[in-house]
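Nothing fancy with the numbering, it's 1 onward along the sequence.
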Amino acid sequence: MTTENNKKKDRSAPKPSRLRIGRRYRASRLQEPYDAVVIGSGIGGLATAVCLTDAGKKVLVLEQHYTAGGFTHAYDRNGYEWDVGVHYIGDVGEHPTLTRKLFDYLSAGQLQWAPMDDCYDRIFLGEESFDLRAGKAAFVEEILRHFPGTEEVLEEYFRRISAASSAMRTLLMEKLLPGWTQPGMALLKKLRLPEYLNRTTLEVLREITDDEKLIAVLTGQWGDNGMTPATGSFIIHALIVKHYLHGGFYPVGGASKIAETIIPQIQAGGGEVFTYADVEQVLVENGRAAGVRMADGTEIRAPLVVSNAGVFNTFEKLLPEQAARASGYQRRLESVRPSMAHLCLYIGLDATAEELGLPKTNYWLYPGQDHDGNMQAFLQDETQEFPVVYISFPSAKDPSFQGRYPGKATIEIVAPAKFEWFEKWSDETWGKRGEDYEAYKEALSQRLLEHLYAHFPQVRQHLDYYELSTPLSTDYFCAYRRGEIYGLDHDPSRFEQDWLKPKTKIPGLYLTGQDIMSCGVAGAMIGGVATAQSILGLRRGGALMKKIMSGSVAPEPALG
């Protein structure tokens, strides 16, 4: 998300990013009729749009932000560029995983990936550090170096990781099958799926070891889903571990290349991706979705409406209240919660990553091994130590960065936050929230910078620019009203919600993105494909997956 700036002593108003992907909306630019309208251009919405386009449908994607991509977009300011959510992606190396095949399909093979260091994540518990290395054998070898004699523990750990990951196929199938199959699916899950799936990560790991430090290291990526080991589901922990087990990767050319390479496939079918396109309401006529009404009053008709705006926005804001109440979704929303809000400090340096010795490794800084206790202390008192500080080095990860921004480097620092700490400024205009807000942000920025300097003191003298995004930034630019970064909380009950599936109770209205399956770029992308399968049906949806798994790509843009 684009943020608000602070260049050393420069307090001038932030300048808008020049990095724009997508075409600016104008009612006069509509080329109706459309077969489907997708609300939101995050990876889930784009994935659904490409799949429907491939099936012969003309799809319109509407994005309220000034650039397409959702949390996969990037922005530039003051001669620097940062990603906002694509800090690293797993499962896109040379081995033919589903994630890699999906990206190749959606981008027509145009999206390229650069590997990170062999150590993709470095976990710090106070002063001690532990490396997570690419490849299961290397991962285990490194853990055993710190925790000798735990071979059987690690063997059981990965057995459960594998079992939980495999269970997602059954959970995905359940989301695509009609309601009358639910009793049979419930029995199938009871017979085939491990009972520990919908328990917390901490409960599951304490069954296989009593070494709390080992547990703290193995759960050192909990920031990737925003839930500590004692609160998050073991399912999401397993998915994240499996996702990065073969290393981390970064898109060559930066995060904006994701949307940039995907959009042409939508345009090839006569569709479009519009930005500055604020949807006011989903039109519901005779009990079914019939299109959308824009903020400018324009009504766009389509027999299919797909929402990538998240379930809270969809059922509390976009859907007419009567329709939301009659379908029971207002009540169902009480069973889920928005995920963690966050801060992100975007840093620009006047030297290169190579000159500064910046790694292609993510740093996870924890004050100690009690992840849950540290988090609770911080949420109750913001002056307590950050329970986690994540440091990413995008300019080191992207081999094309120096060609685009010679002599410069960038760093991003992410930490948790509560929306309530910023709520009193929520009605103020972006960039004009006042000196109190700026002073509060500056204090938080300095705290985060000190964490960076503790590990990379050499960057202090090369600090050229920095700006802090807050939960208000997430709300303003990405329309997550509580500043949540991962959609819904991934606690054990989340994966038991049978209504979190593509097809809604309102005919013609579908959901897509990370609320369907799981958080993260890959989770949202898979959710997007699942939505397309749900729309297309068993035969055409099956043909789509067969095409994707064969290594085929979506149709290339028409020439001329």
Side-chain angles (χ1 to χ4, degrees), residues 1 22 25 34 36-49 52 59-73 84-85 259 273-284 289-295 300 302 304-321 323-324 327 329-330 332-333 336-339 341 419 471 473-489 497 499-506 508-521 523-525 527-528 530-532 534-535:
M1 76 218 57
Y25 165 78
Y34 295 101
V37 171
V38 177
I39 305 171
S41 69
I43 187 66
L46 292 178
T48 300
L52 294 180
V59 185
L60 177 65
V61 181
L62 300 170
E63 170 57 55
Q64 56 88 33
H65 196 3
Y66 62 64
T67 189
F71 277 117
T72 70
H73 86 264
V84 303
V273 177
F274 281 127
T275 57
Y276 289 102
D278 192 5
V279 175
E280 185 176 79
Q281 192 171 79
V282 173
L283 299 175
V284 178
V292 297
R293 180 184 299 112
M294 307 299 290
I300 305 171
L304 289 172
V305 176
V306 181
S307 177
N308 190 38
V311 295
F312 283 104
N313 279 329
T314 300
F315 297 123
E316 289 185 341
K317 179 181 177 184
L318 295 175
L319 199 63
E321 183 179 358
S327 58
Y329 283 111
Q330 288 183 333
R332 289 181 179 274
L333 290 175
V336 292
R337 296 175 300 180
S339 62
F419 182 82
S473 310
T474 308
D475 176 26
Y476 183 80
F477 291 103
C478 296
Y480 278 104
R481 287 178 287 167
R482 303 299 295 179
E484 60 268 33
I485 188 175
Y486 295 123
L488 303 176
D489 260 350
Q497 304 299 319
W499 61 278
L500 291 177
K501 57 185 179 181
K503 189 176 183 179
T504 74
K505 290 186 175 182
I506 300 168
L509 177 64
Y510 289 78
L511 304 174
T512 191
Q514 62 181 351
D515 286 357
I516 299 304
M517 289 301 298
S518 66
C519 65
V521 175
M525 178 173 61
T531 297
S534 181
I535 293 170

With a 3.5 Å distance limit and no angle check, can you tell me whether Thr504 reaches the backbone of Leu509 through a side-chain donor-acceptor pair? yes
Tell me, do Val311 and Arg332 make a side-chain contact under 4.5 Å, heavy atoms counted? no
Just do the side chain to side chain contact (heavy atoms under 4.5 Å, CB included) check on Ile300 and Leu62 with the steps written out, would you? CA-CA 11 Å; Ile300 305 171; Leu62 300 170; 4.2 Å; yes
Tell me which one of Val306, Val282, Asn308 satisfies side chain to side chain contact (heavy atoms under 4.5 Å, CB included) with Ile39. Val282
For atom CD of Gln497, decide whether the heavy atoms of other residues, nucleotides or ligands shown that lie under 6.0 angstrom number more than 12. yes
Give me the atom names and distance for the closest heavy-atom approach of Arg482 to Ala341. O-CB, 3.8 Å
Worked check of side chain to side chain contact (heavy atoms under 4.5 Å, CB included) between Asp489 and Ser339: CA-CA 4 Å; Asp489 260 350; Ser339 62; 3.8 Å; yes
About how many Å separate OG1 of Thr314 and CG of Leu319, when rounded to the nearest 0.5 Å? 8.0 Å
Compare all side-chain heavy atoms of Thr474 with those of Ile485 and state whether any distance is below 4.5 angstrom. no
Of all heavy-atom pairs between Ser534 and Pro502, which one has the smallest distance, and what is that distance? CB-CB, 3.8 Å
Answer yes or no: is there a donor N or O on one side and an acceptor on the other, between the side chain of Glu484 and the main chain of Pro338, under 3.5 Å? no
Report yes if the side chains of Met294 and Val279 come closer than 4.5 Å at any heavy-atom pair, otherwise no. yes
What distance do Phe71 atom CZ and Gln514 atom CD have between them, rounded to the nearest 0.5 Å? 7.0 Å
Using a 4.5 Å cut-off on heavy atoms from C-beta on, say whether the side chain of Trp499 contacts that of Lys505. no
Can you tell me how far apart OH (Tyr276) and OG1 (Thr67) are? Round to the nearest 0.5 Å. 9.0 Å
Kindly give the heavy-atom pair with the smallest separation between Gly528 and Thr512, and that separation in Å. CA-OG1, 3.1 Å
Taking all heavy atoms of Thr275 and all of His65, pick out the closest pair and write down the distance. CB-O, 3.3 Å
Could you tell me which non-hydrogen atom of Val336 sits nearest to which non-hydrogen atom of Phe312, and how far apart they are? O-CZ, 3.6 Å
Gln64 to Phe477 - nearest heavy-atom pair and separation: NE2-O, 2.9 Å
Measuring from Lys501:NZ to Asp515:CG, what's the distance to the nearest 0.5 Å? 15.5 Å
Ser307 side chain to Leu511 backbone, donor-acceptor under 3.5 Å: no
Calculate, to the nearest 0.5 Å, the distance between atoms OH and CG belonging to Tyr25 and Leu60 respectively. 9.0 Å
Quick one: CD on Gln281 to CD on Glu321, what's the gap to the nearest 0.5 Å? 10.5 Å
So, the side chain of Thr48 versus the backbone of Gly44: is there a donor-acceptor pair under 3.5 Å, distance only? yes
